[in-house]
Amino acid sequence: METTDTVRRGIYDFAAIEQKWQAYWEEHATYRTLNPGENGFDASKPKLYVLDMFPYPSGAGLHVGHPIGYCATDIISRFKRMCGYNVLHPIGFDAFGLPAEQYAVEHGIHPAVTTKTNIDNMRRQLKMFGFSYDWNREISTCEPEYYKFTQWIFLQLFNCWYDPIGERARPIEELVTALERGERRVDDAMQVMHAPSDGEGVAYSDLSDADRRTVLDGARLAGVYEVPVNWCPALGTVLSNEEVTNEGLSDRGNHPVTRRPLKQWMLRITHYADRLLNDLETLDWPESVKIMQRNWIGKSTGAEVDFPIASGSAPASESSGSDASSIDDFQAWRNARKESGFPVKPDAACIRIYTTRPDTLFGATYMVLAPEHPLVSKITTPEHRDAVLAYVEAAGHKSDLDRTADAKEKTGAFTGAYAYNPANGHKIPIWVADYVLMGYGTGAIMAVPGSDTRDFAFAKAFDLDIVTVVEPTTAWAEQVARLPKGTLSEIREAARRRISESIERWKHEGSEDRGKHIAFAEDYLKSDRGDMQLDAQSIRNLYCLTPRVFAVPFCQPSVAINSPMGGDHTLGDDVCDLNGRSTEQAMTAIGDWLESCGTGRRAVNYKLRDWLFSRQRYWGEPIPILHDNAGRMIPLDEADLPVSLPHLDDFSPMVDPDPNAPITLPLSKSGDDWKIVSREGSAFRRELNTMPQWAGSCWYYLRYLSPNNTERFCDPEAEKYWMPIDLYVGGAEHAVLHLLYARFWHKVLYDLGHITTPEPFQKLLNQGMVQAFAYRDPAGRILNDERVTETSPGKYIVTESGDPAVQIVAKMSKSLKNVVNPDDIISQYGADTFRLYEMFMGPIESSKPWNTRDVPGLHKLLQRIWRLVVDEHTGDISAALTTTTPDDDTRRLLHKTIKGVTEDISSMKFNTAIALLFEFVNELTPREDRPREVIEPFVLLLSPFAPHMADELWGRLGHEGPASLQTWPAYDPELAKDNSVEIAVQVMGKVKARIIVPADADDKTLERVAMEDEAVKKAIEGKTVRKVITVKGRLVNIVAN
RNA sequence: GCCGGAGUGGCGGAAUUGGCAGACGCGCGGGAUUCAAAAUCCCGUUCUCGCAAGGGAGUGGGGGUUCAAGUCCCCCCUCCGGCACCA
């Protein structure tokens, strides 16, 4: 034992080496990055800003999934630094928000304390990996020095408005000026009219002070609105749409979420919908993330159409003043609309709908209002009132979860009221149903059951008319024809019944385009059940006649029919004839027609909702707003920032299982000295809501640029130099939340001239998840590796029972007890081994299982590299390390390795880069003579991956300073090529021989050498050579038969 | 249901974008070294038939294009992620 220790003095002591170099880097500020203007800053170098998504300081610390992205960015940073770049590579902590606070609540310690402890632990872990962060730029979002500027940005949002004409945010003062000059006016809902026509609206100067305030507050990008919000009783706070899963549970903690109307701070991200959508095109992001953002923004184009409510349907009501009006004379309404044009706000006598398929207007056979739609109570007739009220009541009580679960079953209630279809004057019933959402479009739809799946299902359930207005394509009909036989015979039978019932009426309608269908129908009735083939053409005919017999409607674009129908010619000249037009043409035609008639207009809609920005929690940024007794909101001055979070002993959220319990805010428990602000003799109350989790992370990448600037959120010179971020690496779970919010704030700051780039994150990379192996027993139970035994490679049994088990890949989870702690791995093998292992596991962007069994392989690599340089017995430089000139093959190997590693790092293929390091070591290990000329550059190649060992070896090789500050080795492209290559010779596509030829051998040489080969001769014996294909440097294929 | 991504040895994964499938690592087998073990070094390792030489099959399944397909086209299956009454 003792002898071993003394003899092997030169053993690879990773613990000592890593400690030594981490201390050195810290002492010498090796990775300190200078800003433009600082002493020693080299402006001639190109810049690179490499950013990791910063971590939440959770009590559990880092698990092995975190560092996989951090290793990747560290390798890139170190590599580019060696290539001569100024590299900005910072880190910090996302310390505010629910996870930190939940932890504090659960452990009964103040969040400020737990957060600090957790950050200290995480910082220790991060340093242990040897990442080359500039620790001078470390930030934490919960420090007042940081959130001072989070609050400052909030004030920017509060103090600006979105100008739809200039398509950018502008200071609110500029709106005041425009309003005072009369360039913009105000409508009767106190909304700014951005392009008022003559005499329209009210002049701002004519408004009272209170109204002026309402106008301005309504225009701000940050404002308070009463809206139905996601309330999570268990967390005691509201949540944004993005924080609620599609099961209606909280993103964090999986608690139920209910809807309740509350007055809340909203950020008007919807103004930026188009820019957030369009600018995605300029970004080098994974397509999947772009798609997710596009879907979330959910832009659609179509039209808004007004449907006048038919008189006689609305009851004479008790509160006549607010009652919906109605019209008696459809023609008169049309004429009036032609005069007035399409009003900005729908008048009381009509229902405004939004549709993406205005070309199907003639097929609108009924209308549906969302249960929350304000017109519901106004148009419902007395005899339907009870049923409708009951339905609306029930719909209101349904949680999101219930609504999702019942999605298949269509429910609804008839209001008793009717509206006129503006295209054909048909009187159509108005229903209430919860499949129409108040939050999208206008909260009302025209139902076109012939061309919409949901309307179709609803119409079938409630026996409403279905008219086909788009002729199905043959392709669709063929698909239907492929349905199981039973389905088809059902269609056939049902169709027969419907046709015989309706054929007389159809004839009577005298529809022109029904002529051909009627002929078909008569044939159909004459034929026997058995011999009537349901070919594609019959299916199309049947769908045009009686779509109801089908299981699903035809919803694709095609050609318009029945638009109008034969019997519709009562509308005089004002008919929009779409028949025979393609869906695309019909859209244009109906759009023009609607606009000329004043009954509709083209419109754009978004799924994106405004960002619900207040939280009823303690551990977040206070919102820098004061309230006066008149209900006015007063933004604080910049000089009053930060509004420090007051210390509270009881900071727990209000948790009441009753989803309608009145809300108490944690900050209301603070003393009056914080809550009440006196100014010039008046008392003001502080805003008691806090900002959400995401606020701090919306701009942290800007704070890194100049974290110590107390005057500004960032230094303009630094911003101009470093932005945008050249590489941003993090988990895919932030695809919409963080990445959308941050882009929004960034654009606002850009509009206001505070920063110079329209987008923050130029290139984005999602690292894959680190999973774990698990095992499934015959009963389907999932077990971890402690409970199974490997009997032979790939075969497992449950240790206890002997049952067979199969290996599967699962998420690491506390419940499975298969979470790997990086501290354990590092204490056993060192950080360099850990880094190499994580990078060697596979492509950075794909998820893959952690396998501790594989780790020693990478440790062995480092030990072998160590022994290439150091004599293990003496601790001196190995005697095999010589100053002799390397032979040609060795030099070629080095240059090939440099080329490969350089290219692989550049394209972030770290796993194959490490494979090249292995190959180099495999080749050099057995050599008695290892020229320094190849070993030294190799140590530099190792540096980004295993920085501690590289710096140590570099020193032992007799150099001053760390390897990580050296210049990246260059390669000679000529030397990186082989001079002879092995080429496969195929006969009819099968490899029959291998030949060695010069690397640059031309086609003729290849063919000649191949034909001379004995094995080839044998293979083509007795055959005629038809053709010889040669691929230089790759293969020869002889076609012979 | 819709939109993405993926399926390659016992395992993680490579494969000039149409050109020798399985680089590299793990595991496994064999050998050297050792009194022995660990460590180290060397050899082998897709499956299958065969003592061997050698043959056959093979990238989720089925079809196709091509001298040549893991890679391109059509159909299908499985897994993972996202969205989900968005009119």
Side-chain angles (χ1 to χ4, degrees), chain A residues 4 8 11 246 286-292 294-296 298-300 302 353-357 360 368 403-404 406-408 410 433-437 439-448 451-455 457-458 552 605-608 732-733 735-736 766 769 771 773 790 792-796 807-809 836-837 840-843 845-851 853-858 860-861 863-864 867 872 909 911-919 922 925-926 982-991 993-994 1026-1040:
Chain A
T4 322
R8 304 177 74 193
I11 201 165
N246 49 12
E287 200 51 37
S288 60
V289 177
K290 288 190 185 184
I291 288 169
M292 276 191 245
R294 282 192 202 109
N295 288 346
W296 193 260
K299 181 178 185 171
S300 71
I353 60 99
Y354 170 74
T355 177
T356 54
R357 288 293 300 271
T360 63
V368 185
R403 253 173 125 142
T404 313
D406 308 344
K408 285 156 235 144
K410 289 279 178 291
D434 68 0
Y435 82 91
V436 173
L437 310 173
Y440 183 80
T442 60
I445 61 152
M446 66 173 196
V448 185
S451 302
D452 181 278
T453 319
R454 298 145 303 177
D455 299 342
F458 191 83
V552 287
N605 235 303
Y606 300 90
K607 266 168 70 177
L608 183 70
E733 67 273 18
V736 274
N766 294 131
M769 250 192 318
Q771 301 159 313
F773 284 117
E790 186 169 19
S792 65
K795 302 277 179 223
Y796 300 87
Q807 191 179 56
I808 57 164
V809 172
L836 278 170
Y837 171 65
F840 190 63
M841 286 171 79
E845 64 274 20
S846 43
S847 295
K848 54 235 165 226
W850 176 276
N851 192 359
R853 192 170 77 175
D854 288 346
V855 176
L858 282 300
K860 241 169 65 183
L861 173 69
Q863 287 179 318
R864 295 170 74 194
R867 288 194 297 267
E872 269 197 309
K909 287 158 68 177
N911 54 332
T912 51
I914 294 168
L916 290 168
L917 302 183
F918 267 110
E919 286 184 68
N922 286 344
T925 295
E982 192 188 67
I983 292 232
V985 184
Q986 300 180 330
V987 177
M988 297 302 285
K990 301 223 168 207
V991 180
R994 289 166 209 281
R1026 306 280 171 196
K1027 203 170 164 188
V1028 179
I1029 291 120
T1030 55
V1031 183
K1032 256 183 88 173
R1034 302 299 304 175
L1035 57 50
V1036 177
N1037 189 6
I1038 300 165
V1039 186

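A, B, ... follow the sequence lines: proteins, then strands. Residue 1 opens every chain.
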If the [atom1] atom of [N] is compared with that of [M], how far apart are they to the nearest Å?
| N | M | atom1 | value |
| --- | --- | --- | --- |
| B:rA68 | B:rC80 | C1' | 33 Å |
| B:rA87 | B:rA6 | C1' | 34 Å |
| B:rC35 | B:rG30 | C1' | 22 Å |
| B:rC28 | B:rU46 | C1' | 14 Å |
| B:rG9 | B:rG70 | C1' | 14 Å |
| B:rC26 | B:rC74 | C1' | 39 Å |
| B:rA69 | B:rA21 | P | 10 Å |
| B:rG60 | B:rG10 | P | 13 Å |

Looking at A:T912, I'd like to know whether one of its side-chain N or O atoms comes within less than 4.0 Å of OP1 or OP2 on B:rA23. no
Under-4.0 Å side-chain N/O to phosphate OP1/OP2 contact, A:N911 with B:rA14: yes
Residues two or more places apart in sequence or in another chain: which of them pass salt bridge (charged side-chain N to carboxylate O under 4.0 Å, His left out) with A:E790? A:R853
Among [options], find the nucleotide with the atom closest to the side chain of [X].
| X | options | value |
| --- | --- | --- |
| A:W296 | B:rC85, B:rA84, B:rA23 | B:rA84 |
| A:I291 | B:rC24, B:rA21, B:rG4 | B:rG4 |
| A:K607 | B:rC83, B:rC85, B:rC41 | B:rC83 |

Across all strands, who's sitting opposite [N] as a Watson-Crick or G-U wobble pair, both distances under 3.5 Å?
| N | result |
| --- | --- |
| B:rC2 | B:rG82 |
| B:rA57 | B:rU46 |
| B:rU34 | none |
| B:rA39 | none |
| B:rC51 | none |
| B:rG22 | none |

Show each protein N/O and nucleotides 25-27 of chain B N/O combination with a separation under 3.5 Å, one pair to a line.
residue: B:rG25; atom: OP1; partner: A:N922; partner atom: ND2; Å: 3.0
residue: B:rC26; atom: OP1; partner: A:K860; partner atom: NZ; Å: 3.2
residue: B:rC26; atom: O2'; partner: A:D854; partner atom: OD1; Å: 2.5

For A:A993, check side-chain contact (heavy atoms from CB on, under 4.5 Å) against everything at least two apart and list the hits. A:V985, A:D1013, A:A1015, A:V1016
Check: protein-nucleotides 57-62 of chain B nitrogen or oxygen pairs below 3.5 Å:
residue: B:rA57; atom: OP2; partner: A:K990; partner atom: NZ; Å: 3.2

When you compare the protein's N or O atoms with those of nucleotides 43-46 of chain B, which come within less than 3.5 Å of each other, and at what distance?
none

Do any N or O atoms of the protein come closer than 3.5 Å to N or O atoms of nucleotides 63-67 of chain B, and which pairs are they?
residue: B:rC67; atom: O2'; partner: A:N1037; partner atom: ND2; Å: 3.3
residue: B:rC67; atom: O2; partner: A:N1037; partner atom: ND2; Å: 2.7

Just say parallel, tilted or perpendicular for the rings of A:W850 and A:Y837, cut-offs at 30° and 60°. perpendicular
Just checking A:F918 against A:F840, ring centres under 6.0 Å apart? yes
